[in-house]
Amino acid sequence: MRIFRKSDDLMEFLRLNHVDGLKLGFVPTMGALHAGHISLVSRSMEQNELTICSIFVNPTQFNNPEDLAKYPVTIEKDIDMLEASGCQLLFLPDPSQIYPAGYQARHYDLGYLETILEGKYRPGHFQGVCQVVDRLLSIVNPDILYLGRKDYQQCMVIARMLTLTGRNITLDFVETMREPNGLAMSSRNVRLNESDRVRAIQIYRSLQWLKKNVKPGNLSPLKAEAVQQLTDHGFEVDYVEIASAESLSITEVWDGREPLVALAAAFCGPVRLIDNVTIS
Ligand code: PAF
């Protein structure tokens, strides 16, 4: 695997290889890789001649400095995992490569998407995500961008950012990988202690419970019950919501036909976890 630390070197390499008409798949990450990330890499490798992964812990998407300081960094292990997966290229920039002197942060008009769920609880987060992904895309210019469905709202935000910027890049959203007990794989899971790791499964259980019990009509009592389940298990809940799977507009009363997604964010001890389950 070739590792690039400088944007110019990577752009020059990609320019030369694109001359040969190779199809390029891109998996952006913040490192602390797990099997979920590797499933994105594997998918890209099936669909493209060249696959590039990036590892960059993007400071502009952390609304909480403590969260940034505690974000797990496991570069050596990440490189080993990527090597073993067969990934051909890794972009490992430092902040000066992503936000060089004179970089002007633009504002992305994300509308409603930025005011709900993660947007509501993490102000500024999605502007930071758009900044970094937009910048990475300008360097990598891939044919296909791979994103994990665990960050359901992020997938929709990035789709909107591509429309706003007019980038002609195909998006591929990849299913969430789960531990055998159902816990969604996440880089943040390494920060869970042994008992919290077991307790954390309740988020998926409550989402599955919502899926099983949802009926046409008013959804508020069901959501309230799911919040209660998590609270009873010691979580501090930011939200449990049911929304349109397509627009993410919050569904208060369900017509029984619209495809839905149930989403949750809650603190398990000091670690904030998110997950979602589609309901169709
Ligand atoms: O999902 C993530 O890991 C990050 O938000 C991303 C897309 C790599 C941007 O920093």
Side-chain angles (χ1 to χ4, degrees), residues 28 30 36 58 60-64 67-68 71 107-133 147-164 171 173-176 178 183-189 200 202-211 213-214 218-231 233 235-254 258-268 270-280:
M30 296 206 298
N58 173 38
T60 71
Q61 72 186 73
F62 286 83
N63 51 311
N64 175 353
D67 193 22
L68 171 60
Y71 201 83
H107 181 83
Y108 300 84
D109 179 8
L110 303 174
Y112 172 74
L113 269 182
E114 199 174 15
T115 65
I116 52 162
L117 307 170
E118 292 302 285
K120 179 171 164 195
Y121 284 89
R122 302 186 66 191
H125 167 65
F126 285 129
Q127 289 297 322
V129 169
C130 286
Q131 277 167 14
V132 72
V133 176
L147 297 167
R149 274 186 194 272
K150 186 176 84 68
D151 296 293
Y152 197 92
Q153 191 174 5
Q154 172 171 277
C155 290
M156 299 185 82
V157 161
I158 291 178
R160 167 118 183 106
M161 184 272 283
L162 291 186
T163 306
L164 291 172
L171 278 174
F173 302 143
V174 181
E175 232 19 87
T176 304
R178 297 184 180 279
L183 177 65
M185 290 190 185
S186 163
S187 302
R188 292 171 195 270
N189 292 354
Q202 185 59 38
I203 297 189
Y204 183 58
R205 288 202 180 131
S206 289
L207 291 172
Q208 285 293 351
W209 179 85
L210 282 176
K211 181 175 174 141
N213 289 284
V214 71
N218 181 10
L219 300 181
S220 302
L222 207 65
K223 295 180 200 176
E225 172 62 32
V227 170
Q228 193 57 53
Q229 288 174 7
L230 288 172
T231 309
H233 281 82
F235 287 82
E236 200 188 303
V237 181
D238 273 354
Y239 60 82
V240 175
E241 273 301 352
I242 299 179
S244 154
E246 233 167 72
S247 67
L248 216 56
S249 65
I250 304 298
T251 309
E252 305 295 354
V253 178
W254 187 39
E258 179 163 37
L260 300 175
V261 57
L263 312 103
F267 284 88
C268 185
V271 186
R272 188 175 185 277
L273 299 173
I274 61 171
D275 199 357
N276 67 81
V277 161
T278 46
I279 302 169
S280 42

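- Closest non-hydrogen pair, C155 versus G148, comes out as SG-O, 3.4 Å.
- The side-chain heavy atoms of L147 and P28, taken from C-beta on, include a pair separated by under 4.5 Å.
- The backbone N or O of N213 sits nowhere less than 3.5 Å from a side-chain atom of W209 that would complete a donor-acceptor pair.
- Inter-residue side-chain proximity for F126 and Q153 is flagged as met; some heavy-atom pair is nearer than 4.5 Å.
- Rounding to the nearest 0.5 angstrom, the gap separating the CE atom in M156 from the CG atom in D151 is 13.5 Å.
- Rounding to the nearest 0.5 Å places NZ of K211 at 10.5 Å from CG of N276.
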**Study point:** Residues V132, M30; criterion side-chain contact (heavy atoms from CB on, under 4.5 Å); working and verdict
**Key:** CA-CA 11 Å; V132 72; M30 296 206 298; over 6 Å; no
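- Nearest heavy-atom pair across T176 and A184 is CG2-CB, 3.8 Å.
- Between R122 and R272, the closest side-chain pair of non-hydrogen atoms falls below 4.5 Å.
- Between P123 and N63, the closest heavy-atom pair is O-CB, 3.4 Å.
- Considering all non-hydrogen atoms of both residues, A245 and V261 come closest at CA-CG1, 3.9 Å.
- Note: E114 CD to R160 CZ = 10.5 Å, rounded to the nearest 0.5 Å.
- Taking the side-chain hydrogen bond (donor to acceptor under 3.5 Å, both in side chains) definition, one finds that Q208 meets it with Y204, sequence neighbours left out.
- Taken from CD1 in I158 to CG in L164, the straight-line distance is 12.5 Å, to the nearest 0.5 Å.
- Atoms CG and CD1, from L260 and I250 in turn, are 11.0 Å apart once rounded to the nearest 0.5 Å.
- Counting heavy atoms from C-beta outward, V277 and L210 have side chains that stay 4.5 Å or more apart.
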Point to revise | Criterion salt bridge (charged side-chain N to carboxylate O under 4.0 Å, His left out) on D67 and R188, from CA distance to verdict | key: CA-CA 10 Å; D67 193 22; R188 292 171 195 270; 2.8 Å; yes
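- Note that CD of Q127 is 10.5 Å distant from CE of M161, once rounded to the nearest 0.5 Å.
- Put simply, the side chain of Y152 reaches to within 4.5 Å of the side chain of L248, judged on heavy atoms.
- At distances below 3.5 Å, at least one donor-acceptor pair connects side-chain atoms of S244 with backbone N or O atoms of S247.
- Side-chain contact between L263 and I274: absent, with no pair of heavy atoms (C-beta onward) separated by less than 4.5 Å.
- S206 and A226 make their closest contact through OG-O, 4.2 Å (heavy atoms, listed as atom of the first residue, atom of the second, distance).
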Check your understanding: Can you list the steps and then say if L230 with Q202 is a side-chain contact (heavy atoms from CB on, under 4.5 Å)?
Key -> CA-CA 7 Å; L230 288 172; Q202 185 59 38; 3.8 Å; yes
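- The aromatic rings of Y239 and Y121 sit tilted relative to each other, their planes meeting at an angle between 30° and 60°.
- Two residues are said to be in side-chain contact when any heavy atoms from C-beta on lie closer than 4.5 Å; Y71 and N58 fail this criterion.
- For the side-chain contact (heavy atoms from CB on, under 4.5 Å) criterion with L110, the lone passing option out of V157, V129, T115 is V157.
- Applying the side-chain hydrogen bond (donor to acceptor under 3.5 Å, both in side chains) test to Q154 and every residue at least two apart in sequence or in another chain returns nothing.
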**Study point:** side-chain contact (heavy atoms from CB on, under 4.5 Å) assessment of Q229 paired with F235
**Key:** CA-CA 9 Å; Q229 288 174 7; F235 287 82; over 6 Å; no
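- Residue E246 places its CD atom among 12 or fewer non-hydrogen atoms of other residues, nucleotides or ligands, all under 6.0 Å distant.
- When the side-chain hydrogen bond (donor to acceptor under 3.5 Å, both in side chains) test is applied to R178, the partners found at least two apart in sequence or on another chain are D275.
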Check your understanding: Passes side-chain contact (heavy atoms from CB on, under 4.5 Å), I203 versus H233? Steps please.
Key -> CA-CA 10 Å; I203 297 189; H233 281 82; over 6 Å; no
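- At least one side-chain heavy atom of D238 sits under 4.5 Å from a side-chain heavy atom of F267.
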